[in-house]
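See structure below.
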2 protein chains.
Amino acid sequence: MNLSPGQLDILFQALGDPTRRAILDRLARGPATVTELSAPFEMALPSFLAHVRRLEASGLVETAKDGRVRTVTLVPGAFTPVRSWLDEQRAIWEGRLDRLDAYVQTLMQDNDDGT
Amino acid sequence: MNLSPGQLDILFQALGDPTRRAILDRLARGPATVTELSAPFEMALPSFLAHVRRLEASGLVETAKDGRVRTVTLVPGAFTPVRSWLDEQRAIWEGRLDRLDAYVQTLMQDNDDGT
DNA sequence: AAGATACTTAGGAGATCAGCTAATTATCCT
DNA sequence: AGGATAATTAGCTGATCTCCTAAGTATCTT
């Protein structure tokens, strides 16, 4: 279940834009068409569509065209690599804290023994 | 404990680069100087320093200069807004699943009653 | 068939990004 | 003082980003 090296880049970059995060927010409540999605934004449609395309390229979203309408759906599992990276990061940090903690314990025991 | 509107952008964008994530990875194991940090990278030092500056601007990292040496330290709490956003996202999605679930329950009960 | 609707393509402007080299500054060591 | 070390500044390049307008295509609807 390993991801390609650049996948995290693409995911984090996809999330690094307020319009795209707002789209995801909306989609977490259920699928929507491009025009429905675009309604809250003052942006021109081609600009907006580029954001949808970017989300699609990142895998966070899937789209399907039926007739002239394109429906966009959230892919909630696509967040997993992001969460995993954050969790690993925290694990490393906490591992460090644990070691520091253990070290302090050792110091204190030494102190008990020595004095 | 609210964050400024663009803060999430800055955080996600800071995380959207492999060099910067590698720096954070290293720093989770403890502070390091700029030169120490830069060792694993083939990049020229000014290019590398720009990444450190970017991390600093995002708040993920703090730096302090002592003599001619600048030491870089992870700020683990800075990840919180990112985690929060992801958690909210999941909560909305799961809320939706719950409602769908409740709806399905309702349908099934109606079916039990009706047939 | 004609008009409305929903995207889509093409192309371009201006900003930001990630990298580089060359030169500078500030500190430390001898 | 003078050289080595650590970081910094300045300035440049090519790529990518985000937005735009104008025009095109495909699909309903009447």
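Protein chains get the first letters and strands the later ones, always in sequence-line order, with residue 1 at the start of each.
- Aromatic ring pairs are classed by plane angle as parallel below 30°, tilted from 30° to 60° and perpendicular above 60°; the pair B:Phe12 and A:Phe12 is tilted.
- Nucleotide D:dG24 holds its C1' atom 15 Å from the CG atom of A:Leu49, rounded to whole Å.
- We find that CG of B:Asp9 is positioned 13 Å from C1' of D:dC17, with the value rounded to whole Å.
- Side-chain contact between A:Thr19 and A:Ile23 is present, with at least one heavy-atom pair separated by less than 4.5 Å.
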In B/S/- notation (B base, S sugar-phosphate only, - none; protein heavy atoms under 4.0 Å), nucleotides 18-27 of chain C written 5' to 3' is SSBBB----B
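- Distance CZ/A:Arg29 to CG/A:Leu24: 11.5 Å, rounded to 0.5 Å.
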Give the C-alpha distance, both sets of side-chain angles, the deciding distance and a yes or no for side-chain hydrogen bond (donor to acceptor under 3.5 Å, both in side chains) between B:Glu56 and B:Thr63. CA-CA 7 Å; B:Glu56 193 178 13; B:Thr63 79; 2.9 Å; yes
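- Separating the NE2 atom in A:His51 from the CG atom in A:Leu37 is a distance of 12.5 Å, to the nearest 0.5 Å.
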Going through the distances and angles, do A:Leu60 and A:Leu11 end up as a side chain to side chain contact (heavy atoms under 4.5 Å, CB included)? CA-CA 8 Å; A:Leu60 287 164; A:Leu11 280 169; 3.7 Å; yes
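- Using a 4.5 Å heavy-atom cutoff, the side chains of A:Val69 and A:Val34 are not in contact.
- Taken residue by residue, residues 22-31 of chain B places no heavy atom nearer than 4.0 Å to DNA chain D.
- For A:Asp17, the side chain to side chain donor-acceptor pair (under 3.5 Å) test picks out no residue, with sequence neighbours left out.
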